[in-house]
Amino acid sequence: MRLILLGAPGAGKGTVAKMLTAIDGSVQISTGDILRAAVKAGTELGKKAEAAMKAGELVSDDLIMGIMEERLKEDDCKAGFLLDGFPRTIPQAEALKGLLAKMGIELQGAVNLNVPREVILDRLTTRRTCVDCGAIYNVKSNPPKEEGKCDACGGAVVQRDDETEEAISKRLDVFNEQTAPLVGFYQNEGMLVDIEATSSDVVVDAIKKHVGIA
Ligand code: AMP
């Protein structure tokens with residue numbers, strides 16, 4: 001599959017991407033995961049991105065496009081890719097369009113995961129993430145078997161720095177201002193697939209149908 005996953009923070013992009021990778025070997029490319037790994041490793045990229053991330057603001061388009069140009073050229077992308085959290089702005093979407101045209105790659109769609117704001121807020125404040133493998137848990141609906149420890153890899157399961165109430169509210173404002181316009185952008189491109197994302201199973205089924213796997 002070669003898809004963009006659009007949707008607010010907490011809409012379920014990461015969960016759905018992980019489910020889809022298991023279907024056909026496509027890779028999940030999460031700019032948020034790449035940036036968090038860079039921050040953890042203390043690289044130059046991490047140092048440049050850290051402050052904006054902590055505040056719930058966006059990292060610069062140039063930095064993100066640099067990451068994505070390199071990532072999309074890697075061999076594993078030949079099996080397909082699911083873009084999770086990218087593009088996040090109109091300039092990123094335009095740059096991606098140029099990059100893919102240059103590489104001769106055609107996308108199969110931009111899938112918009114529609115989730116009501118109250119659901120998003122509840123999900124983000126109760127979400128927990130493994131610092132090592134990125135597995136996602138929820139303290140209410142899907143806690144790890146042992147508190148604070150990842151079922152998959154044993155890593156620490158924590159609340160992300162940008163999932164305090166203040167940072168979440170900022171991230172949702174940034175989403176509404178800068179990322180929500182991408183729905184119109186991809187509609188104009190004739191690529192939008194709009195899904196009422198009531199559960200990840202519903203979304204995965206709709207996507208399978210869209211790409212002709214179901
Ligand atoms: P995420 O895990 O996708 O919610 O991303 C976490 C944070 O990383 C965001 O709040 C931004 O600060 C930064 N980030 C991730 N992807 C992008 C992107 N495509 N453009 C700009 N900033 C990004």
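Counting convention: from 1, in listed order, for ligands and their atoms alike. Everything numeric in this text was worked out from a predicted model, so none of it was measured. All residue numbers refer to positions in the sequence shown, counting from 1.
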>> Applying side chain to side chain contact (heavy atoms under 4.5 Å, CB included), can you list everything that pairs with Asn188, at least two apart in sequence or on another chain?
In response: none

>> Among residues at least two apart in sequence or on other chains, which ones pass side chain to side chain contact (heavy atoms under 4.5 Å, CB included) with Ala206?
In response: Ile195

> Is any NZ, NE, NH1 or NH2 atom of the basic residue among Glu163 and Arg127 found under 4.0 Å from an Asp or Glu carboxylate oxygen of the other?
Replying inline: yes

> Are Asp122 and Arg117 close enough for a salt bridge, meaning some N to O gap below 4.0 Å?
Replying inline: no

> Measuring from each atom of ligand 1, which residues have a heavy atom under 4.0 Å away?
Replying inline: Thr31, Gly32, Leu35, Arg36, Met53, Glu57, Leu58, Val59, Ile64, Gly85, Phe86, Arg88, Gln92, Arg160, Asp162, Arg171

> Mind checking what makes side-chain hydrogen bond (donor to acceptor under 3.5 Å, both in side chains) contact with Asn142, not counting sequence neighbours?
Replying inline: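 Here no residue qualifies.
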
>> Please tell me whether Ser26 and Asp24 have a donor and an acceptor in their side chains that are separated by less than 3.5 angstrom.
In response: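 The criterion, which ignores hydrogens and geometry beyond distance, is satisfied for Asp24 and Ser26.
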
